[in-house]
Engineer: 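I have a structure here, written as structure tokens, and I will follow up with some questions on it.
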Protein chains: 2
Amino acid sequence: MVTIYDIAKKANVSPMTVSRVINNSPSIKESTRLKVEEAIRELEYVPNKQARSLTSKETKLVSLVIPDISNPFFTNIARGAEDKALQLGYQVILGNTDENKDKEAMYINMLMSSGVDGALIVPSSDDSAANMKRLVKRRIPFVYVDRTVDSVPADSITGDNLNTTRELVQHLIELGHERIGLINGPAYLSNARERAQAFRDTLILSGIQPNPRYMIETHFKQDNLDEIISKFLSLRENERPTAIVAANNFIGVNTLRALRSLGIRVPEDISVTCFDDPDIIPDYNPFLTVAKQPAYDMGYIGMQLLIERIQNEAPAATRKIVLPAELKVRTSTSRRGAQD
Amino acid sequence: MVTIYDIAKKANVSPMTVSRVINNSPSIKESTRLKVEEAIRELEYVPNKQARSLTSKETKLVSLVIPDISNPFFTNIARGAEDKALQLGYQVILGNTDENKDKEAMYINMLMSSGVDGALIVPSSDDSAANMKRLVKRRIPFVYVDRTVDSVPADSITGDNLNTTRELVQHLIELGHERIGLINGPAYLSNARERAQAFRDTLILSGIQPNPRYMIETHFKQDNLDEIISKFLSLRENERPTAIVAANNFIGVNTLRALRSLGIRVPEDISVTCFDDPDIIPDYNPFLTVAKQPAYDMGYIGMQLLIERIQNEAPAATRKIVLPAELKVRTSTSRRGAQD
DNA sequence: CTGTTAGCGCGTTCAC
DNA sequence: GTGAACGCGCTAACAG
């Protein structure tokens with residue numbers, strides 16, 4: 001391995017001078033700088049980050065801890081985060097927790113020993129608090145994306161769950177629906193809680209009494225099809241909702257698949273709408289009415305917040321950024337009764 | 001920061017003993033091991049990977065260099081790679097090249113200075129050879145995924161482009177099509193070349209003379225809609241193909257969108273089929289007939305090959321693994337003339 | 001079984 | 001402007 005000593009010898013200077021050239025210190029004679037740069041090129045020297053980190057205490061590495069890169073929503077977050085990181089000279093280490101706090105704990109361990117400068121985290125549950133506290137203790141900056149753990153404050157960037165839910169519900173109400181169901185994620189996630197709350201509030205404000213039987217709870221992962229089917233079957237046929245708000249894209253898609261398997265037509269029998277587009281490719285399959293959250297921006301801005309924090313350019317107070325979603329009305333929702 | 005010295009003091013042993021415990025060396029008395037582990041727990045000690053790497057020359061970091069994590073095909077590769085890496089105690093650094101060899105070169109630089117132990121690479125073009133050669137020179141193991149750069153040999157895991165293309169074309173021929181078009185990626189990519197060759201060969205074997213005008217070349221990225229439209233418009237209406245093979249998912253989807261915007265019906269007017277499912281979520285939108293390549297396995301096995309190579313458990317000769325695709329016949333392809 | 005010594009590659013003092 | 005000496009946290013190579 002080529003080190004600064006090798007190139008020092010070749011350029012007839014001390015290793016320190018080489019180090020100065022690499023870190024382009026101002027006080028260096030132009031002639032020696034050129035000499036050193038020449039040697040660096042000839043020997044194809046590449047600085048050793050490990051050694052540098054040992055003294056500088058920074059690695060230019062950040063961790064991205066998300067539930068599952070396979071979910072297009074998180075895919076976009078990752079792409080946004082990576083773009084911003086690259087721009088600012090950081091590299092990102094990817095971790096999939098599968099919404100499992102033990103797997104999350106594992107990544108937190110790895111991330112601490114890797115010496116990353118900070119982390120962008122979609123926490124797996126309120127029970128993640130223990131994991132987050134360990135980061136705080138070690139003074140590793142982190143930023144919440146999409147969800148927060150309120151007991152451990154930190155910068156955050158999330159969707160506007162309140163208004164987005166309201167828009168979705170109002171869209172259905174305007175179409176004449178009153179028996180509206182919510183298929184939600186688990187209540188131990190901040191975003192699911194906020195959506196449930198907003199769902200209830202919107203109905204009440206519209207003079208509709210929320211029916212607890214219409215508020216189903218499942219999880220945000222890809223494999224919730226069977227659960228959705230069985231919960232649906234537990235409702236008597238004549239008391240089924242005529243419209244459904246699914247709290248994320250997987251739930252939306254699996255609701256579609258569940259209804260299809262039960263022979264229920266969408267939107268003729270039931271209108272379906274959800275958070276987050278299931279497609280990475282815009283408008284490829286314009287069917288589902290969705291509230292599209294700006295996932296890319298969440299990752300992009302989240303990474304910016306994080307790196308500002310790492311570089312001590314952030315204000316002392318934690319920042320809470322809330323991004324609006326875009327309602328995309330397509331054909332999975334229609335006027336109640338228009339088809340009967 | 002808590003170091004082995006701190007815990008050595010607390011446990012009344014030498015730092016070396018602590019190091020031995022951490023790396024669970026066999027020769028250590030049970031009682032002292034317990035004492036040390038106790039201290040580690042109390043002080044919440046986490047080993048510093050940088051320092052360790054300085055002597056061990058390994059970082060347990062691998063790089064995943066792909067064109068774009070937003071493409072579901074690469075998303076699945078990433079997920080597979082990450083799963084395997086975690087299993088084997090490695091962390092993965094993500095890089096998106098956008099099929100751009102300069103961006104690729106940048107990542108190669110970063111990866112070298114980060115001291116990653118190896119890399120999983122989807123090369124951006126045959127011109128990537130220069131980048132690959134730099135890795136060879138530095139003896140950084142790498143594995144090609146999906147595509148190869150033949151001038152620089154290395155382990156590889158790719159799809160079976162020959163047979164997959166043949167199956168796709170034969171499927172169309174069996175449906176009565178003869179005017180079959182190929183919308184391909186650029187010829188400087190090994191997989192596109194193989195697909196073009198197999199496409200021609202299959203037609204000829206079936207007694208159909210390949211028409212060069214039906215072999216359109218664009219790129220594999222998301223934003224090729226306009227290009228596809230204009231290439232399509234350059235064909236006279238009565239000499240348009242009746243079926244199309246799209247060489248990847250983005251091309252497939254954008255062909256669909258292009259045809260839609262031109263008022264051409266699929267499959268009534270033109271059948272469309274492509275490589276790689278555009279959906280992450282299985283069978284959510286069962287429309288496109290696709291040849292689904294096992295992307296997850298490519299990432300998973302690719303990572304395994306890589307880590308074997310890193311740990312010197314691989315044979316000297318480069319390994320070439322070729323994985324078959326699964327033909328999923330859906331409704332975007334139909335019998336020629338059946339609808340007229 | 002355990003401790004001592006030295007050094008990994010680099011940057012931070014300080015001098016010169 | 002430039003260099004020598006020391007230390008970052010850890011482990012390999014020897015002792016003992």
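Numbers restart at 1 for each chain; the letters A, B, ... are given by sequence-line order, proteins then strands.
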Engineer: Under 4.0 Å between a side-chain nitrogen and a carboxylate oxygen: does that hold for A:Glu38 and A:Arg41?
Structural biologist: yes
Engineer: Please report, rounded to the nearest Å, how far the P atom of C:dT2 is from the CG atom of B:Leu34.
Structural biologist: 11 Å
Engineer: Tell me: CD of B:Glu58 to P of C:dC8, nearest whole Å?
Structural biologist: 18 Å
Engineer: Which is true for B:Pro15 with a 4.0 Å heavy-atom rule: it touches a base, it touches only sugar-phosphate, or it touches nothing?
Structural biologist: nothing
Engineer: Can you check whether B:Asn23 has a side-chain N or O nearer than 4.0 Å to OP1 or OP2 of D:dT11?
Structural biologist: yes
Engineer: May I ask you to say what B:Ile4 touches in the nucleic acid, namely base, sugar-phosphate or nothing, with a heavy-atom cut-off under 4.0 Å?
Structural biologist: base
Engineer: Report the distance from atom CD of A:Glu30 to atom P of D:dT2, rounded to the nearest whole Å.
Structural biologist: 11 Å
Engineer: Quick check: on DNA chain C, is the nucleotide nearest B:Ser31 upstream (toward 5') of the one nearest A:Ser19, or the reverse? Name the residue that is more 5'.
Structural biologist: B:Ser31
Engineer: With a 3.5 Å cut-off and heavy atoms only, can you find an N or O donor on one side and an acceptor on the other between the side chain of A:Arg20 and the base of D:dG3?
Structural biologist: yes
Engineer: For a side chain to side chain donor-acceptor pair (under 3.5 Å) with B:Arg79, tell me which candidate from B:Asp83, B:Thr75, B:Asn76 qualifies.
Structural biologist: B:Asp83
Engineer: Counting the atoms with a prime plus P, OP1 and OP2 as sugar-phosphate, which does B:Ser27 contact under 4.0 Å by heavy atoms, base, sugar-phosphate, or nothing?
Structural biologist: base
Engineer: With under 30° as parallel and over 60° as perpendicular, where do the rings of A:Tyr300 and A:Tyr296 fit, or are they tilted in between?
Structural biologist: parallel
Engineer: Within the pair B:Thr17 and C:dG3, is there a side-chain N or O less than 4.0 Å away from OP1 or OP2?
Structural biologist: yes
Engineer: Within this structure, what is the CG-to-P distance between B:Leu54 and D:dT11, rounded to whole angstrom?
Structural biologist: 11 Å
Engineer: Under the 3.5 Å rule, do the base of D:dC8 and the side chain of B:Tyr5 count as making a donor-acceptor pair?
Structural biologist: no
Engineer: At 4.0 Å (heavy atoms only), tell me whether A:Thr55 reaches a base, stays on the sugar-phosphate, or touches nothing.
Structural biologist: base
Engineer: With a 4.0 Å cut-off on heavy atoms, is B:Ser53 in touch with a base, just the backbone sugar-phosphate, or nothing at all?
Structural biologist: nothing
Engineer: I'd like to check A:Val143 versus A:Leu305 (side-chain heavy atoms, cut-off strictly below 4.5 Å). Are they in contact?
Structural biologist: yes
Engineer: Please tell me which of the listed nucleotides, D:dG3, D:dC10, D:dT2, lies nearest to the side chain of A:Ser14?
Structural biologist: D:dG3
Engineer: Is the shortest side-chain heavy-atom distance between B:Glu104 and B:Met132 below 4.5 Å?
Structural biologist: yes
Engineer: OP1 or OP2 of C:dC10 less than 4.0 angstrom from a side-chain nitrogen or oxygen of A:Arg52, does that happen here?
Structural biologist: no
Engineer: Atom CE of B:Met1 to atom C1' of D:dC8: distance rounded to whole Å?
Structural biologist: 10 Å
Engineer: Contact class for A:Thr32 vs. all strands (heavy atom < 4.0 Å): base, sugar-phosphate, or nothing?
Structural biologist: sugar-phosphate
Engineer: Does a side-chain N or O of B:Tyr45 approach OP1 or OP2 of D:dC10 to a distance below 4.0 Å, or not?
Structural biologist: yes
Engineer: Scan side-chain atoms only and decide if B:Thr59 and B:Asp117 contain a donor-acceptor pair under the 3.5 Å cut-off.
Structural biologist: yes
Engineer: Measure the distance from CE on A:Met16 to C1' on C:dC16 and round it to the nearest whole Å.
Structural biologist: 15 Å
Engineer: Rounded to whole angstrom units, what separation is found between the CG atom of B:Asn24 and the C1' atom of D:dC10?
Structural biologist: 16 Å
Engineer: Which whole-number value in Å describes the distance from A:Gln50 CD to C:dG9 P?
Structural biologist: 11 Å
Engineer: Less than 4.0 angstrom between a side-chain N/O of A:Lys57 and OP1 or OP2 of C:dG11, yes or no?
Structural biologist: no
